[in-house]
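Report on one structure; see the data block that follows.
Labels below follow one simple rule: chain letters A, B, ... track the order of the sequence lines, proteins then strands, and each chain is numbered from 1.
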Amino acid sequence: MTKEDIGITVSKKEDFSEWYTQIVLKAKLADYAPVKGLIVLRPDGYSIWESLTNTFDKKFASNGIRNGFLPILIPESLLGKEQKHFAGFNPEVFWVTHSGDNEIGDRLALRPTSETLAYTMYSKWIQSWRDLPLKMNFWNSALRAEIKGTKPFLRTSEFLWQEGHTVHATREEAEEEVMKILEIYKNTVEEELAIPVTTGNKSEKEKFVGAVYTTTMESIMPDGKALQMGTSHFLGQNFSKPFEVKFADKDNVEHFAWQTSWGVSWRLIGAMIMIHGDDQGLVLPPRIAPIQVVIVPIYKKGDDRDMVLPKVEEIREMLESKGIRVHVDDRSELSPGYKFNDWELKGVPIRIEIGPKDVKKQSVVIAKRYNREKSSLGFTEIEKISTILDEIQIAMLKTAREQANVNSYVISDYNEFKSKIEKGGFFTAPWCGKLECEEKIKEETGADIRVIPFGSGNTDEKCMYCQEQSISVPIFARGY
RNA sequence: GGGAUCGUCGUCUAGCUUGGUAUGAUACUAGUCUGGGGGACUAGUGGUCGCAGGUUCAAAUCCUGCCGGUCCCA
């Protein structure tokens, strides 16, 4: 391995796919497991996930949602209770058929999602309107067999996610919950991960199997492909009926409950890597970065060391007292240059360099990761770092938004669409609402309806494909 | 679903056509000098060639199957 091979050896622009994989492996976020389609998270990857889960947990909690735990095995009889749901997931379910050498009668599924299991439990727990709403969230992993085209964080046979399941007395309340969750998702992804999203509905064809409707948030990746960032489903009574999730209302009449389910996965990490990363490696938005500021002390002789280290400690304490997550890189065997590159590969938002020269000048050098700018900051101004972190966060979202806009088009001519889709992007185009057109477009161009943005409809335009009256203006794109 | 391609110390790689138990770099360990953008020198450790069979006196090399990675098309 040459010097260059320690870092990323391909450019994001020229070989996006390889670039992505190298970041995941070389920034030590994850590694491949011995089984196809599975990955192992390493500490630097897992701490990003923890940072995300912490943020979501706070928001869920303030919305009255509490965490629980569900087992990973679901008996086939339960999974099959809602027929469409079962049919939708069956091709990608892993089955447990044996315990030791003995065959299991009712074979067990490794959960592809937990609606059926959760609602079996809910039906035991809910009897009265006083038990509602019931709002729970589960952090776990789900398993869906991916045979081809696996990619760390984006498509793996097992993935970490949260699945939320709520039960309500009325349709209105459940639908409100669907939107509240989608709003939490959108805020978190935009404000914490600095990734702009478009929210709206999935088409009938693309909705969650078993849902009445699915709301989604979609983002556009730098290679022009769309990535589904999270979904929030209104299940209506589709599950409450087969699973008998019912309650006695105030009038003592028994009703089936109204339900929602929703989830985001570690795919968000993949999106963050793709959107913000550059040819030096990962770039973490400050709010989600496990380490926000890394201090690299620079010294050679003992004297310098005695001058530098106390100052480093002082700065560390000051930053920590302001709630900033700081790390001091005191590895003695590595040169400063190596450390600079190393932390850039790992994406830490701000690096502080402090050596004898700086101590004499009563200042430090700070380097911002997202634009790789260096500047000098006086000792008395160190507290400004809080503000700088905020500014970086805002700048990153702004840049990402601009990039997304560049790759978004409004279009109505199908031939134009067919030629432009080759380069990727989001295409807002009128659609008649018929499945047939949706399927044809998919077949001919590889693009599907990613999202029908809220408020889209009542247009005078003709369907891009069949020229009949359109009923909405969805975003078409090729997806991950 | 169809097709292509790859797999050799931790990592990257030579060797494979024309069989004779493996090359170099980097990393790692120890020491000395160094230290403001991936440091230098010296001395060491580390692989039986993805896995399983087969052919052969002999297999990293030839054959078959499997496992895993990557890419393209639907």
Side-chain angles (χ1 to χ4, degrees), chain A residues 1-10 14-28 30-40 42 91-92 145-158 223 225 278-282 294-309 311-312 329-346 348 350-361 363-369 371-377 418 421-422 424 439-448 478-480:
Chain A
M1 186 155 48
T2 66
K3 274 178 198 169
E4 290 73 29
D5 289 337
I6 304 171
I8 309 300
T9 58
V10 296
E14 276 159 26
D15 192 347
F16 187 71
S17 186
E18 169 69 13
W19 168 87
Y20 174 82
T21 308
Q22 284 198 14
I23 292 210
V24 171
L25 297 178
K26 292 187 175 179
K28 299 188 167 69
D31 203 351
Y32 292 106
V35 179
K36 184 177 179 60
L38 302 184
I39 59 169
V40 175
R42 306 180 69 175
E92 48 194 28
E146 295 286 354
I147 308 300
K148 300 199 75 166
T150 60
K151 210 52 155 164
F153 296 116
L154 300 178
R155 189 177 297 120
T156 48
S157 288
E158 180 179 24
D223 61 352
K225 286 200 213 168
D278 63 21
D279 289 349
Q280 314 305 318
L282 197 57
V294 63
I295 304 178
V296 179
I298 298 162
Y299 49 78
K300 31 191 170 182
K301 295 288 183 309
D303 289 354
D304 289 344
R305 186 192 162 92
D306 294 343
M307 183 160 73
V308 170
L309 285 189
K311 202 66 207 177
V312 166
D329 187 353
D330 56 3
R331 291 176 293 179
S332 60
E333 72 279 14
L334 298 173
S335 69
Y338 187 95
K339 292 178 183 176
F340 297 166
N341 284 286
D342 195 36
W343 291 109
E344 282 175 14
L345 177 61
K346 290 184 185 315
V348 174
I350 290 179
R351 178 179 73 244
I352 296 181
E353 304 168 15
I354 174 165
K357 288 185 220 165
D358 306 292
V359 177
K360 280 177 196 145
K361 283 192 298 189
S363 68
V364 298
V365 172
I366 73 165
K368 296 179 199 166
R369 176 62 184 91
N371 59 8
R372 302 190 78 218
E373 279 175 16
K374 275 194 185 193
S375 57
S376 175
L377 199 64
K418 275 207 282 196
I421 191 73
E422 291 303 321
E439 282 176 339
K440 284 285 183 198
I441 292 169
K442 167 81 180 175
E443 206 179 301
E444 294 171 17
T445 67
D448 46 25
R478 287 178 177 166
Y480 266 91

Who passes side-chain hydrogen bond (donor to acceptor under 3.5 Å, both in side chains) against A:Asn371, sequence neighbours left out?
A:Glu373
By side-chain hydrogen bond (donor to acceptor under 3.5 Å, both in side chains), A:Asp304 pairs with (sequence neighbours left out) none
[N] and [M]: how far apart are their [atom1] atoms, nearest whole angstrom?
{"N": "B:U11", "M": "B:C49", "atom1": "C1'", "result": "16 Å"}
{"N": "B:A52", "M": "B:G10", "atom1": "C1'", "result": "25 Å"}
{"N": "B:A74", "M": "B:U29", "atom1": "P", "result": "50 Å"}
{"N": "B:C73", "M": "B:A14", "atom1": "C1'", "result": "34 Å"}
{"N": "B:C41", "M": "B:G35", "atom1": "C1'", "result": "16 Å"}
{"N": "B:A59", "M": "B:G54", "atom1": "P", "result": "12 Å"}
{"N": "B:G69", "M": "B:G19", "atom1": "P", "result": "33 Å"}
{"N": "B:U13", "M": "B:G1", "atom1": "P", "result": "31 Å"}

Just call it for [X]: base, sugar-phosphate, or nothing, with non-hydrogen atoms closer than 4.0 Å on any strand.
{"X": "A:Val365", "value": "base"}
{"X": "A:Glu344", "value": "base"}
{"X": "A:Pro356", "value": "base"}
{"X": "A:Ser332", "value": "base"}
{"X": "A:Arg372", "value": "base"}

Is it the case that [N] (base atoms only) and [X] (side chain only) share a donor and an acceptor within less than 3.5 Å, ignoring hydrogens and angles?
{"X": "A:Lys374", "N": "B:G37", "result": "yes"}
{"X": "A:Asp358", "N": "B:G36", "result": "yes"}
{"X": "A:Arg351", "N": "B:G37", "result": "yes"}

Looking at every non-hydrogen atom in both residues, tell me the closest pair between [X] and [Y] and how far apart they are.
{"X": "A:Lys36", "Y": "A:Ser157", "result": "O-OG, 4.3 Å"}
{"X": "A:Val308", "Y": "A:Pro297", "result": "CG1-CB, 4.0 Å"}
{"X": "A:Ala447", "Y": "A:Ile421", "result": "CB-CD1, 3.9 Å"}

Nearest 0.5 Å please: distance from the [atom1] atom of [X] over to the [atom2] atom of [Y].
{"X": "A:Asp15", "Y": "A:Ile8", "atom1": "CG", "atom2": "CD1", "result": "12.0 Å"}
{"X": "A:Arg478", "Y": "A:Lys442", "atom1": "CZ", "atom2": "NZ", "result": "9.5 Å"}
{"X": "A:Leu345", "Y": "A:Ile23", "atom1": "CG", "atom2": "CD1", "result": "7.5 Å"}

Distance, rounded to the nearest Å, where [X] contributes [atom1] and [N] contributes [atom2]:
{"X": "A:Phe340", "N": "B:G37", "atom1": "CZ", "atom2": "P", "value": "6 Å"}
{"X": "A:Asp31", "N": "B:G69", "atom1": "CG", "atom2": "P", "value": "12 Å"}
{"X": "A:Lys28", "N": "B:G10", "atom1": "NZ", "atom2": "C1'", "value": "10 Å"}
{"X": "A:Glu146", "N": "B:G69", "atom1": "CD", "atom2": "P", "value": "12 Å"}
{"X": "A:Lys357", "N": "B:G35", "atom1": "NZ", "atom2": "P", "value": "11 Å"}
{"X": "A:Lys300", "N": "B:G39", "atom1": "NZ", "atom2": "P", "value": "16 Å"}
{"X": "A:Trp19", "N": "B:U70", "atom1": "CH2", "atom2": "P", "value": "16 Å"}
{"X": "A:Met307", "N": "B:G35", "atom1": "CE", "atom2": "P", "value": "14 Å"}

Taking only side-chain N and O atoms of [X], does any of them lie within less than 4.0 angstrom of OP1 or OP2 on [N]?
{"X": "A:Ser335", "N": "B:G35", "result": "no"}
{"X": "A:Tyr299", "N": "B:G36", "result": "no"}
{"X": "A:Lys151", "N": "B:C71", "result": "yes"}

Does any N or O in the side chain of A:Asp306 come within less than 3.5 Å of the main-chain N or O of A:Asp303, such that one atom is a donor and the other an acceptor?
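No; zero donor-acceptor contacts below 3.5 Å.
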Pick the closest RNA chain B nucleotide for A:Gln280 and for A:Ser17 by heavy atoms, then say which residue is nearer the 5' end.
A:Gln280
Closest-nucleotide mapping onto RNA chain B: is A:Asp342 or A:Thr150 further toward the 5' terminus? I mean the 5' end.
A:Asp342
Give the dot-bracket line for RNA chain B from 5' end to 3' end: parentheses for intra-strand Watson-Crick or G-U pairs under 3.5 Å, square brackets for crossings, | for inter-strand pairing, dots for unpaired.
(((((((..(((.......[...))).((((((.....)))))).....(((((..]....)))))))))))).
Any A:Tyr32 side-chain heavy atom under 4.5 Å of A:Leu25 side chain:
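In contact.
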Below 3.5 Å between N/O atoms, which protein atoms pair up with nucleotides 42-46 of chain B? Just atom names and distances, please.
none

With sequence neighbours excluded, tell me which residues meet ring-ring contact (aromatic ring centres under 6.0 Å, His included) with A:Tyr338.
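ring-ring contact (aromatic ring centres under 6.0 Å, His included) list for A:Tyr338, sorted by chain: empty.
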Between N or O atoms, less than 3.5 Å apart, protein on one side and nucleotides 1-9 of chain B on the other: list the pairs.
from: B:G2; atom 1: O6; to: A:Lys148; atom 2: NZ; distance (Å): 2.4

Between the side chains of A:Lys151 and A:Thr21, does any donor sit under 3.5 Å from an acceptor?
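A:Lys151 vs A:Thr21: donor-acceptor pair found between side chains.
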Would you please test A:Arg155 and A:Lys148 for side-chain contact (heavy atoms from CB on, under 4.5 Å) and show each step?
CA-CA 9 Å; A:Arg155 189 177 297 120; A:Lys148 300 199 75 166; over 6 Å; no
Is A:Arg369 salt-bridged to A:Asp278, cutoff N-O under 4.0 Å?
yes
